[in-house]
Amino acid sequence: MALRVYDTRSRTKRELIPLVEGQIGIYACGITPYSPSHIGHARQAVAFDIIVRWLRKSGLKVNYIANFTDIDDKIIAVSSEEGVDFLEVANRNIDDYFEVMDALNVTRADAYPRVTETIPEIQEMITNLIDKGFAYVAKDGVYFEIDTAPEKYGQLTGQTLEMVREGAGGRVDETGSGKRDHRDFALWKSAKEGEPIWESPWGPGRPGWHIECSAMSLKHLGERFDIHGGGSDLMFPHHEAEIFQSECCLGHDPVVQYWIHNGMINVDGEKMSKSEGNFWTVRDALESIDPLVLRYTLINAPYRQPVDFNSVMIDDSRLNHGRLLRAYSDGLTMAGIGDWSQNVELSEANERFSLGMNDDFNTRVALVEVQSVVKLLRQMIDSNSDKSSISAATGWLAEFAGEVLGILPSKEEALSMSNSEAEARSAISSQVEALLEARESARESKNWSRADEIRDELISMGVIVEDGADGPTWRIE
RNA sequence: GCACGGGUGGCAGAGCAGCUAUGCAACGGACUGCAGAUCCGUGGACCCGGGUGCAAAUCCCGGCCCGUGCUCCA
């Protein structure tokens, strides 16, 4: 079954053919840690996490690299504002990143390179570009000269040199920059007062934005690698600049076989931004949303589509995820995890799930199959199916909803969750049983108002009563 | 303005030439004193206008609307 990936550069879905059979090198542009991570970062991290999980599930050996751009203008701005070292700002926000992404069940990348740990490689690349005539030294730094490779312009966004010229023409003189052309971009920025600096052949300074990713991907994945990705907002200029740098430096193209970009997050249909006041950090979101529910929300649309973050969407995810969780833990306690491969319906579900994931990692299609297996499992439980069927369906969920999509807690956690619920139950059990008994006798004498009164009392204790054919059952909300 | 995505039932969101998407909500039924949970069933959609097909939500052309980008210095 062929795995097809939408490649931004060719604007088509193409079959994923690894450079080295059985192996995939993937680089994803991570965050610039100048503030706590927001839900857009979470979407990116989750999207690539699932892509990597699916590649591994497909039998590929994956080397996944995600970087931190830990020196940049915004970090410097925060650091000078707070009067602390720039690395303190970066480290603080990197810690935050790991903490919230762990909560979202994001598998760690194989490496998290940082700009500040890649300075020699960056300088080497810049030297190379100067030597080959693609870059020049100016009074305020080193610039990549766009006109040396005009054919590479607009590779990802379709824009032409002329368009951008119109968009920003004539600014070079105004800013006093040493650029020859305003579309040239900085590889190295000369030191300014009070900024962190590194020594270089072109004087003290720091790397420009863009070069770090070319250098880090080269260092970790080599001169050619399979997949490079990030948010769609990075296509221009960041990723196009990388194409210039890497391909001109290495002297071949393409360096990256497939470019993939995830869509942005909107909040209530509007662009999420600090000035709009609709800005959600992951921490904000986790105050009212369970981490796995948030993850469910983020994969509720294919990774390339925009996701609208709104209360309906979240409530919907909460409901569906809750149903999934309940079916899973019921199945787990009743029958455990079993082999699903002998069950026809589950095998078909597997096929459709895989078809969806192989079609550019369509998690929405995958979730439909999860929902249908939840329904199937529910039916099995309700109709007192044999243990092996229930364990098979539970096993299917563990494998696909758990292992691949990462929206289930681990088996141990799921069981300990039901254990802690059991503890909570036993703590109030005698009290509840007594009330239920009183309610049952009220019901027998058709004293409905008294019965409902008792039920209300139980609800206020956080107990939900459900009358069934064999008498009432109850659970803790 | 230009580039790239997208506009599907009350809502969210798949499908991207012929075959029930799915979930929530609604409606009907089973079970219920009621409620809840669960199950069964029903109705309901493809932004507008042209075009190409035996056949178009799906392809082409033209509108309209939405999102993102149009660089670090500004």
Side-chain angles (χ1 to χ4, degrees), chain A residues 6 8 11 13 40 72-74 140-141 143-144 146 154 156-160 162-168 171-172 174-179 182-187 189 192 206-211 231-241 261 263-266 269-272 296-297 300-302 304-308 310-321 323-324 326-327 330 352 356 359 362-372 374-375 378-379 381-383 442-449 451-452 455-456 459 464-469 472-475 477:
Chain A
Y6 184 89
T8 309
R11 284 186 203 103
K13 280 183 197 168
D72 120 310
D73 297 340
K74 287 175 185 147
D140 57 347
Y143 290 95
F144 188 97
I146 287 289
L156 301 177
T157 58
Q159 302 183 103
T160 63
E162 289 66 31
M163 289 170 179
V164 180
R165 193 196 302 273
E166 282 166 20
R171 288 188 202 160
V172 179
E174 296 164 19
T175 59
S177 155
K179 284 181 185 182
H182 79 273
R183 294 158 302 183
D184 293 349
F185 53 88
L187 300 173
K189 296 178 171 191
K192 285 187 196 155
R206 60 189 170 93
W209 181 43
H210 311 314
I211 188 69
S232 61
D233 57 341
L234 295 180
M235 284 182 208
F236 189 93
H238 187 55
H239 287 161
E240 291 200 359
H261 294 94
M264 299 289 100
I265 294 239
N266 296 138
E270 300 284 324
K271 177 183 176 177
M272 180 172 83
Y296 191 106
T297 308
N300 203 208
R304 289 196 292 128
Q305 295 306 102
V307 164
D308 192 45
N310 60 57
S311 57
V312 176
M313 184 91 169
I314 294 160
D315 288 345
D316 197 57
S317 300
R318 195 175 273 134
L319 195 81
N320 284 306
H321 185 260
R323 209 169 269 185
L324 162 67
R326 213 180 310 168
D330 283 354
R352 286 188 297 265
D359 183 15
N362 192 329
T363 48
R364 194 60 191 76
V365 169
L367 280 177
V368 166
E369 291 313 315
V370 170
Q371 287 170 329
S372 80
V374 166
K375 191 170 182 175
R378 208 69 264 169
Q379 286 168 336
I381 291 172
D382 284 355
S383 63
R443 293 180 72 205
E444 268 165 42
S445 55
K446 300 206 189 301
N447 185 353
W448 307 126
S449 61
D452 290 346
R455 183 166 62 197
D456 288 342
I459 287 170
I464 295 182
V465 182
E466 288 170 359
D467 295 324
T473 58
W474 59 282
R475 60 187 168 89
E477 184 57 79

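Note on naming: letters A, B, ... go to the chains in the order of the sequence lines (proteins, then strands), and numbering restarts at 1 for each one. Please read all numbers here as calculations on a predicted model, not as lab measurements.
Rounded to a whole angstrom, the distance from the C1' atom of B:C40 to that of B:C31 is 12 Å. Annotation: B:C59 and B:G53 have their C1' atoms spaced 9 Å apart (nearest Å). Using atom P as the reference point in both B:G50 and B:G10, the two lie 23 Å apart (nearest Å). Comparing B:A56 with B:G49, their P atoms sit 15 Å apart, to the nearest whole Å. Nucleotides B:G15 and B:U58, compared at atom P, are 15 Å apart to the nearest Å. Using atom C1' as the reference point in both B:C48 and B:U8, the two lie 15 Å apart (nearest Å). With C1' as the reference atom, B:U20 and B:G41 are 13 Å apart, rounded to whole Å. Nucleotides B:A21 and B:G28, compared at atom C1', are 23 Å apart to the nearest Å.
Under the Watson-Crick or G-U wobble criterion, with both distances below 3.5 Å, B:C2 is paired with B:G69. If you check B:A57 for Watson-Crick or wobble pairing at under 3.5 angstrom, you find it has no partner at all. Remark: B:C16 base-pairs with no nucleotide; criterion is Watson-Crick or G-U wobble with both hydrogen-bond distances under 3.5 Å. Nucleotide B:A74: unpaired (no Watson-Crick or G-U wobble partner with both distances less than 3.5 Å). Using N1 to N3 plus N6-O4 or O6-N4 for Watson-Crick, or N1-O2 and O6-N3 for G-U wobble, each under 3.5 Å, B:C27 pairs with B:G41.
When distances run from any side-chain atom of A:Asp467 to the nucleotides B:A35, B:C39, B:U68, the shortest one goes to B:A35. Closest contact between the side chain of A:Leu319 and the listed nucleotides B:A14, B:C24, B:C34 involves B:C24. The side chain of A:His210 sits closest to B:U71 out of B:C24, B:U71, B:G33. Ranking B:C39, B:A35, B:C70 by closeness to the A:Gln379 side chain, first place goes to B:C39. Closest approach to the A:Tyr6 side chain among B:U68, B:G33, B:G5 is made by B:G5 (side chain taken as heavy atoms from C-beta onward). When distances are taken from the side chain of A:Asn266 to each of B:U68, B:C34, B:G23, the shortest belongs to B:U68. For A:Gln371, counting side-chain heavy atoms from C-beta on, the closest listed nucleotide (B:C39, B:G69, B:U22) is B:U22.
Distance A:Ile381 CD1 to B:A37 C1': 13 Å, rounded to the nearest Å. Whole-Å rounding puts the A:Leu187 CG to B:U71 P distance at 18 Å. For the pair A:Arg443 CZ and B:C34 P, the computed distance is 10 Å after rounding to whole Å. Separating the CZ atom of A:Arg183 from the P atom of B:A74 is a distance of 21 Å, rounded to the nearest angstrom. The separation between A:Met264 atom CE and B:G6 atom P is 15 Å, rounded to whole Å. In this structure, A:Leu324 atom CG and B:G23 atom C1' are separated by 13 Å, rounded to whole Å. When the P atom of B:G67 is taken as reference, atom CE of A:Met235 falls 17 Å away, rounded to whole Å. Rounding to whole angstrom units, CG of residue A:Asp72 and C1' of B:U71 are separated by 13 Å.
Residues A:Ala186 and A:Leu156 each lie close to RNA chain B; by heavy-atom proximity, the contact nearer the 5' end of the strand is made by A:Leu156. Between A:Leu367 and A:Lys13, the residue anchored nearer the 5' end of RNA chain B, judged by the nucleotide with its closest heavy atom, is A:Lys13.
With its glycosidic angle within 90° of 0, B:G53 adopts the syn conformation.
A:Asn362 comes within 4.0 angstrom of the backbone, heavy atoms only, and of no base. Across all strands shown, A:Trp209 has no heavy atoms under 4.0 Å from either base or sugar-phosphate atoms. Using a 4.0 Å heavy-atom distance criterion, A:Arg11 is classed as a sugar-phosphate-only contact. A:Asn447 comes within contact range of no nucleotide atom at all, as no heavy-atom separation falls under 4.0 Å. Using a 4.0 Å heavy-atom cutoff across all strands shown, A:Arg323 reaches sugar-phosphate atoms only and no base atom.
In this structure, the side chain to side chain contact (heavy atoms under 4.5 Å, CB included) partners of A:Lys192, at least two apart in sequence or on a different chain, are A:Glu195.
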What are the atom names and distances for every N/O pair under 3.5 Å that joins the protein to nucleotides 7-13 of chain B?
unit_1 : atom_1 : unit_2   : atom_2 : d
B:G13  : O2'    : A:Arg364 : NE     : 3.4

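Between A:Leu156 and A:Met235 the shortest heavy-atom distance is CD1-O, 3.9 Å. Closest approach of A:Ala442 to A:Ala451, counting heavy atoms only: CB-N, 4.1 Å. Nearest approach of A:Ser372 to A:Glu369, heavy atoms of both residues: OG-O, 3.0 Å. The minimum heavy-atom distance between A:Arg323 and A:Val374, with the atom names listed, is O-CG1, 4.0 Å. Among all heavy-atom pairs drawn from A:Ala327 and A:Ile381, the shortest one is O-CD1, 4.4 Å.
The aromatic ring of A:Phe236 does not sit over the base of B:G69, since the test of centres under 5.5 Å and planes under 30° is not met.
Counting only distance, with no hydrogens or angles, the side chain of A:Asn362 and the backbone of A:Pro302 share no donor-acceptor pair below 3.5 Å. A donor-acceptor distance shorter than 3.5 angstrom exists from the side chain of A:Arg364 to the backbone of A:Asn300, with no hydrogens or angles considered.
Ring geometry for A:His261 against A:His239 counts as tilted: the plane angle lies between 30° and 60°, on a 0 to 90° scale. In this structure, A:Phe185 and A:His210 have perpendicular ring planes: the angle between them is above 60°, well past the 30° mark.
Under 3.5 Å, the side chain of A:Arg378 and the base of B:C39 form no donor-acceptor pair of N or O atoms.
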Residue pair A:Arg206, A:Asp73: steps toward the salt bridge (charged side-chain N to carboxylate O under 4.0 Å, His left out) verdict: CA-CA 10 Å; A:Arg206 60 189 170 93; A:Asp73 297 340; 2.6 Å; yes
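Taking 4.0 angstrom as the limit, A:Lys375 places a side-chain polar atom (N or O) nearer than this to OP1 or OP2 of B:G23.
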